[in-house]
Engineer: 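Here it is, the structure, as structure tokens.
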There are 2 protein chains.
Amino acid sequence: MRQFRHPAPSEIQLESVLYALSDPMRLSIVRQLAREGEATCAALDGGRPKSSMSHHFRILREAGIIKTRNSGTSHMNELRRQDLENVFPGLLSIVLKAPETEVAR
Amino acid sequence: MRQFRHPAPSEIQLESVLYALSDPMRLSIVRQLAREGEATCAALDGGRPKSSMSHHFRILREAGIIKTRNSGTSHMNELRRQDLENVFPGLLSIVLKAPETEVAR
DNA sequence: GCTATTGTTCGAAAATTATCGAACTATCAA
DNA sequence: TTGATAGTTCGATAATTTTCGAACAATAGC
């Protein structure tokens, strides 16, 4: 498909990161990526239409939390662990450590 | 006035905390409370009408981030540092450490 | 070329949140 | 009791987000 906008580390804003992580579905995506390293959008299916999922990926991407690259016809996503660690040290691991709450379906 | 609802530590949800902190005005309140220990609502004036500020205090209070108590005719607010530390260790200090961005007025 | 697969984008509708003025409540002080 | 102060609540409007279907774009394989 085409290239995505990924903010540079210096452009990553705390507010945007916190906001992106404050949604259960997006948090669920982040946790899954943390467990599995990387995954396509389809593999991260949240039981919702593709357009809805795409919206959430975009929020995460534009906040600087995930990196998306093309891989054939699909998109491979991974956490920007190092970038986040550099900008907000410890934040991601705290969020991942917090007990997971049910995600509504 | 009257008593406020403050969630017990076990009721504090990550999503709500992150959401509450994702707003510039609320983040500014939290930072100020961190610096000054405690403050009345008036002292935390964000240059907006009282009803708007009251709304933000409520979001912070119901997320479990601040504790509000009556003090004469005013309300004294303080961070629930220890409770937050117990529930999401490290989170608050990371947020406070992050460089402050302008709050629009 | 055609077809299937994977996601994005668009547009509209629904839901949530923010904003503010006005009315209200509670406390203190004179 | 009157007045002043501090902040909440209500109600309405505005702004932002979310949600989803439908149309679209890009790649892969036949």
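A quick note: this is a predicted structure, and the numbers were derived from the prediction, not measured. Numbered from 1 within each chain, the chains take letters A, B, ... in sequence-line order.
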Engineer: Counting side-chain heavy atoms from CB outward, which of D/dT18, D/dC20, C/dT8 is closest to A/Cys41?
Structural biologist: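 The nucleotide sitting nearest to the side chain is C/dT8.
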Engineer: Go through D/dT17, D/dA6, C/dA18 for me and flag the one nearest to the B/Tyr19 side chain.
Structural biologist: C/dA18
Engineer: Inspect the contact between A/Arg69 and A/Glu78 and indicate whether a charged nitrogen and a carboxylate oxygen are less than 4.0 angstrom apart.
Structural biologist: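 A salt bridge links A/Glu78 with A/Arg69.
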Engineer: Take atom CZ of B/Arg48 and atom P of D/dT8, then tell me their distance rounded to the nearest Å.
Structural biologist: 17 Å
Engineer: Output the rounded distance in Å from NE2 (A/His75) to C1' (D/dA28).
Structural biologist: 14 Å
Engineer: Quick one: is B/Arg26 getting a side-chain N or O under 4.0 Å of the C/dA18 phosphate, OP1 or OP2?
Structural biologist: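 B/Arg26 to C/dA18 OP1/OP2: side-chain N or O found under 4.0 Å.
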Engineer: Please determine whether residues A/Met76 and A/Ile65 belong to a single hydrophobic cluster, defined as Ile, Leu, Val, Met, Phe, Trp and Tyr linked transitively by side-chain heavy-atom distances below 4.5 Å.
Structural biologist: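 No.
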Engineer: Quick check: any donor-acceptor pair below 3.5 Å linking the side-chain of A/Ser51 to the base of D/dG21?
Structural biologist: yes
Engineer: Just compare D/dT8, C/dT19, C/dT8 and give me whichever is closest to any side-chain atom of A/Ser54.
Structural biologist: C/dT8
Engineer: Does B/Arg26 make a cation-pi contact with B/Tyr19 (under 6.0 Å, within 45 degrees of the axis)?
Structural biologist: yes
Engineer: Whether A/Thr40 contacts C/dG7 is assessed here as follows: a side-chain N or O lying under 4.0 Å from the phosphate OP1 or OP2. Is that the case?
Structural biologist: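 So the side chain of A/Thr40 is within the cut-off, an N or O lying under 4.0 Å from OP1 or OP2 of C/dG7.
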Engineer: Write down the distance between NE2 (A/His56) and P (C/dT9), rounded to a whole number of angstrom.
Structural biologist: 15 Å
Engineer: Atom CZ of B/Arg61 to atom C1' of D/dG7: distance rounded to whole Å?
Structural biologist: 10 Å
Engineer: Given C/dT8, D/dG7, C/dC20, which nucleotide is nearest the side-chain atoms of B/Pro49?
Structural biologist: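 So the side chain of B/Pro49 is nearest to C/dC20.
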Engineer: What is the distance, to the nearest angstrom, from the CZ atom on B/Phe57 to the P atom on C/dC20?
Structural biologist: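 Rounded to whole Å, this separation is 15 Å.
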Engineer: Is any side-chain N of the basic residue among A/Arg31 and A/Glu36 closer than 4.0 Å to the acidic one's carboxylate O?
Structural biologist: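 Result for this pair is no, no salt bridge flagged.
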Engineer: Quickly work out the B/Asp45 CG to D/dG7 C1' distance and round it to whole Å.
Structural biologist: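 My rounded result for the distance is 12 Å.
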Engineer: Okay, side chain of B/Ser71, backbone of B/Ser74: is any donor-acceptor separation there less than 3.5 Å?
Structural biologist: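 No: the side chain of B/Ser71 does not pair with the backbone of B/Ser74.
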Engineer: Rounding to an integer number of Å, can you tell me how far B/His55 NE2 sits from C/dA22 P?
Structural biologist: 20 Å
Engineer: Look at the side chain of B/Ser74 against the base of D/dG7 and say whether a donor-acceptor pair falls under 3.5 Å; ignore hydrogens and angles.
Structural biologist: no
Engineer: Using the side-chain heavy atoms of B/Thr73, tell me which of these nucleotides is nearest: D/dT27, C/dT27, D/dC20.
Structural biologist: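 Closest nucleotide to the B/Thr73 side chain: C/dT27.
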Engineer: Can you measure A/Asp23 atom CG to D/dT17 atom P for me and round it to whole angstrom units?
Structural biologist: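 After rounding, the reported distance stands at 12 Å.
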